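Working notes, beginning with the structure itself.
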Protein chains: 2
Amino acid sequence: MSFLEKYLVKHNPSFESLQEFISNYQNTHMLIIFVSCKVFYTGRAKSTLSWGDHLIIRKKDGTLLIHGSNKREPINWQPPGSSLKSKCRRNLILISRRRHPKEEIKIVISKIYFAVAVDCREGKFQILGTENQMVQQVIAKPYLLEEGFTPLKREFQTPYGNIDLLGKDKKGTFVIVEFKRGKAQLSAVSQLKRYVEYLQKKHPVRGILVAPGITKSAEELIKKWGLEFKKWLSKAS
Amino acid sequence: MSFLEKYLVKHNPSFESLQEFISNYQNTHMLIIFVSCKVFYTGRAKSTLSWGDHLIIRKKDGTLLIHGSNKREPINWQPPGSSLKSKCRRNLILISRRRHPKEEIKIVISKIYFAVAVDCREGKFQILGTENQMVQQVIAKPYLLEEGFTPLKREFQTPYGNIDLLGKDKKGTFVIVEFKRGKAQLSAVSQLKRYVEYLQKKHPVRGILVAPGITKSAEELIKKWGLEFKKWLSKAS
DNA sequence: CGTGCCAGGTGCCAT
DNA sequence: ATGGCACTTGGCACG
């Protein structure tokens, strides 16, 4: 591939030709390969994917994706940092390994429809509306939480976990604030309770869960445990 | 594309040609398109991806994936069930929408390197080694948990959440068992504690966390709360 | 490295 | 639809 070309396509390559293609480009290009194959994964779990048509994507950071005809998630994958080797037998076999944890994917390919090597330089990504930004807003404008609130420490560490935001209310009582960007569930209440249980051994303390909504049972639980829920309006008026 | 062909490639298609290609194949084929583009997402959060080369995959179930040059995760995406429309302006614009929640992705394309439509029939997938299988093993061989254990109910529902496995020990005391397939963390202890707190209002009850390992602080917490940890040997001897 | 935890989490299954 | 939760979760930040 000349340095001017963005991509190179191989149609119905032979096994040997794909092997060479892979070894030539796997460190510099993203590979997109459409094949008939079966897949064996073993590692943290163990899985098999029977014969079918699958899209294989291999990124130069070592990521391996095996996609099927639906769903957002790949059927099988290997995360960044994984190796890739090929063997030519009766079928073409691709093996991707990672070390920690030890995991292996074996792709047995019977037919290669096409393979593309692509020179991909991605853009810059920015995102807004995360939990972190909720916390930042409350730190900047503490009255958004409640009148008289004073933030003390972001990510306050305890042996029971890390408190999103520790502060004091207008009476000087410690306040533990847990933020959720989506509807708060039982687990969020548990989390807040953990922090409160720890801190209240030393000080009187309030616990406030801040989220745009809360499930029914989480709301019942939070009342039962004497904690508070504060609905968060994303408007941030 | 004839019904015999597995795939069809367009090299450097014009905007209009890609529009036609998409509308012809988006309901029956997986589309794989490599372009120079920028992306705007708005919905649960809001993000921008600046100009760069990105791989666009559109599955016939409506899934949209926008991949960059590294990482397992797509930079932007739309889940199954999303729509896709195109507009031709100065650039080619693809818009994918979903209803619940209301979310939109706008892809502004300045250059199309290639587009492929693919007829993808995926294989059957099977997986072993999940949490569910740990539970099934204990149900089949209760002594693996402890001598004299009797399983009573899988997924026992409480207003505090669902208990993986409820049973009784040899003395007839209720036992709540929570399984984790990986190293158990603070959240697992919290979860177990929730169930125990609920049931112990009515009966004396033990809580056992079953996992191949446990983090230091989770172990301390589980002791402090009077719960038990049982190390799970995947050997299932 | 391990630990904790958010994520536009996704996906599955239950009511 | 809402909810509870596992997931080969992935990814990040911090000790």
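Computed from a predicted model, the values in this text were never measured in an experiment. By convention in this document, chain letters (A, B, ...) are assigned in the order of the sequence lines, proteins followed by strands, and residues within each chain are numbered from 1.
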**Asked** So do the side chains of A/K223 and A/W225 get within less than 4.5 Å of each other, counting heavy atoms only?
**Response** no

**Separation of atom CD in B/Q185 from atom C1' in D/dA6, rounded to whole Å** = 14 Å

**Message:** Rounded to whole Å, please give me the gap between NZ in A/K183 and C1' in C/dA7.
**Reply:** 18 Å

**Prompt:** Side-chain N or O of A/R98 less than 4.0 angstrom from OP1 or OP2 on D/dT8?
**Reply:** no

**Message:** Work out how far the P atom of C/dG8 is from that of D/dC5, and round it to whole angstrom.
**Reply:** 22 Å

**No-hydrogen, no-angle side-chain donor-acceptor test under 3.5 Å, A/Q185 and A/T215** = no

**Phosphate contact (D/dA6 OP1 or OP2) by B/K180 side-chain N/O below 4.0 Å** = yes

**Residues within residues 50-71 of chain B bordering DNA chain C, heavy-atom distance below 4.0 Å** = none

**Complete:** Under a 4.0 Å heavy-atom cutoff, the residues of residues 191-202 of chain A touching DNA chain C are A/Q191, A/R194, A/Y195

**Prompt:** Got a sec, which pairs hit side chain to side chain donor-acceptor pair (under 3.5 Å) with one end in residues 75-84 of chain B, sequence neighbours left out?
**Reply:** B/S47-B/N76

**Message:** Return whichever of B/I163 or B/E73 has its heavy-atom-nearest nucleotide of DNA chain D closer to the 5' end.
**Reply:** B/I163

**Prompt:** With a 4.5 Å limit on heavy-atom distance, are the side chains of A/Y25 and A/N27 in contact?
**Reply:** no

**Request:** Check the distance between C/dC1's C1' and B/K216's NZ and give it to me in whole angstrom.
**Result:** 17 Å

**Request:** Indicate, with a heavy-atom threshold strictly under 4.0 Å, whether B/T42 touches base, sugar-phosphate, or nothing.
**Result:** nothing

**Fill in**
Closest to the 5' end of DNA chain C, once B/A184 and A/G182 are matched to their nearest nucleotides, is B/A184

**Request:** Using a 4.0 Å heavy-atom cut-off across all strands, classify A/E178 as base, sugar-phosphate, or nothing.
**Result:** sugar-phosphate

**Request:** State, with a plain yes or no, whether a side-chain heavy atom of B/I32 is found less than 4.5 Å away from one of A/L55.
**Result:** yes

**Prompt:** What's the CD-C1' distance between A/E131 and C/dC6, to the nearest Å?
**Reply:** 6 Å

**Side chain to side chain, B/L227 and B/V196, heavy atoms closer than 4.5 Å** = yes

**Asked** What's the CZ-C1' distance between B/F40 and C/dG8, to the nearest Å?
**Response** 17 Å

**Prompt:** Phosphate oxygens OP1/OP2 of C/dG4: is one of them under 4.0 Å from a side-chain N or O of B/T215?
**Reply:** yes

**Fill in**
Sorted by number, residues from residues 74-85 of chain A placing a heavy atom under 4.0 Å from DNA chain D are A/I75, A/N76, A/W77, A/P80

**Prompt:** Applying the side-chain contact (heavy atoms from CB on, under 4.5 Å) test to A/N132, which of A/R154, A/R181, A/Q137 qualifies?
**Reply:** A/R154

**Request:** Hey, can you tell me if B/Y160 and B/Y198 have their rings parallel, tilted or perpendicular (30° and 60° cut-offs)?
**Result:** tilted

**Asked** B/E155 CD to C/dC12 C1': how many Å, rounded?
**Response** 11 Å

**Fill in**
So salt bridge (charged side-chain N to carboxylate O under 4.0 Å, His left out) across residues 72-87 of chain B, not counting sequence neighbours, yields A/R72-B/E73, A/E73-B/R72

**Item:** Nearest-0.5 Å distance that lies between atom NZ in B/K38 and atom OG in B/S110
**Value:** 9.5 Å

**Asked** Nearest-Å distance, CG (A/L209) to P (C/dC6)?
**Response** 11 Å

**Prompt:** Hey, does B/G161 reach any base, or is it just sugar-phosphate, or nothing, if we go heavy atoms under 4.0 Å?
**Reply:** sugar-phosphate

**Asked** Should A/R44 be listed as having a side-chain N or O under 4.0 Å from OP1 or OP2 of D/dT9?
**Response** yes

**Nearest-0.5 Å distance, NZ of residue A/K201 to OG1 of residue A/T158** = 9.0 Å

Atom pairs, N/O to N/O, protein against nucleotides 13-15 of chain D, distance under 3.5 Å?
none

**Message:** Just by distance, no angles: are the side chains of A/T42 and A/E104 close enough, under 3.5 Å, to form a donor-acceptor pair?
**Reply:** no

**Prompt:** Base, sugar-phosphate, or nothing: which does B/I105 touch, judged by heavy atoms less than 4.0 Å apart?
**Reply:** base

**Complete:** Atom CZ of A/R72 and atom P of D/dT9 are separated, to the nearest Å, by 16 Å

**Request:** Give the C-alpha distance, both sets of side-chain angles, the deciding distance and a yes or no for side-chain contact (heavy atoms from CB on, under 4.5 Å) between B/I105 and B/V39.
**Result:** CA-CA 7 Å; B/I105 280 190; B/V39 182; 4.0 Å; yes

**Fill in**
5'-most contact on DNA chain C (nearest-nucleotide basis), A/I127 vs A/P159, goes to A/P159

**Message:** Working to the nearest 0.5 angstrom, can you tell me the gap between B/M134 CE and B/L144 CG?
**Reply:** 10.5 Å

**Item:** Distance, nearest 0.5 Å, that separates CG of A/L49 from SG of A/C37
**Value:** 6.5 Å

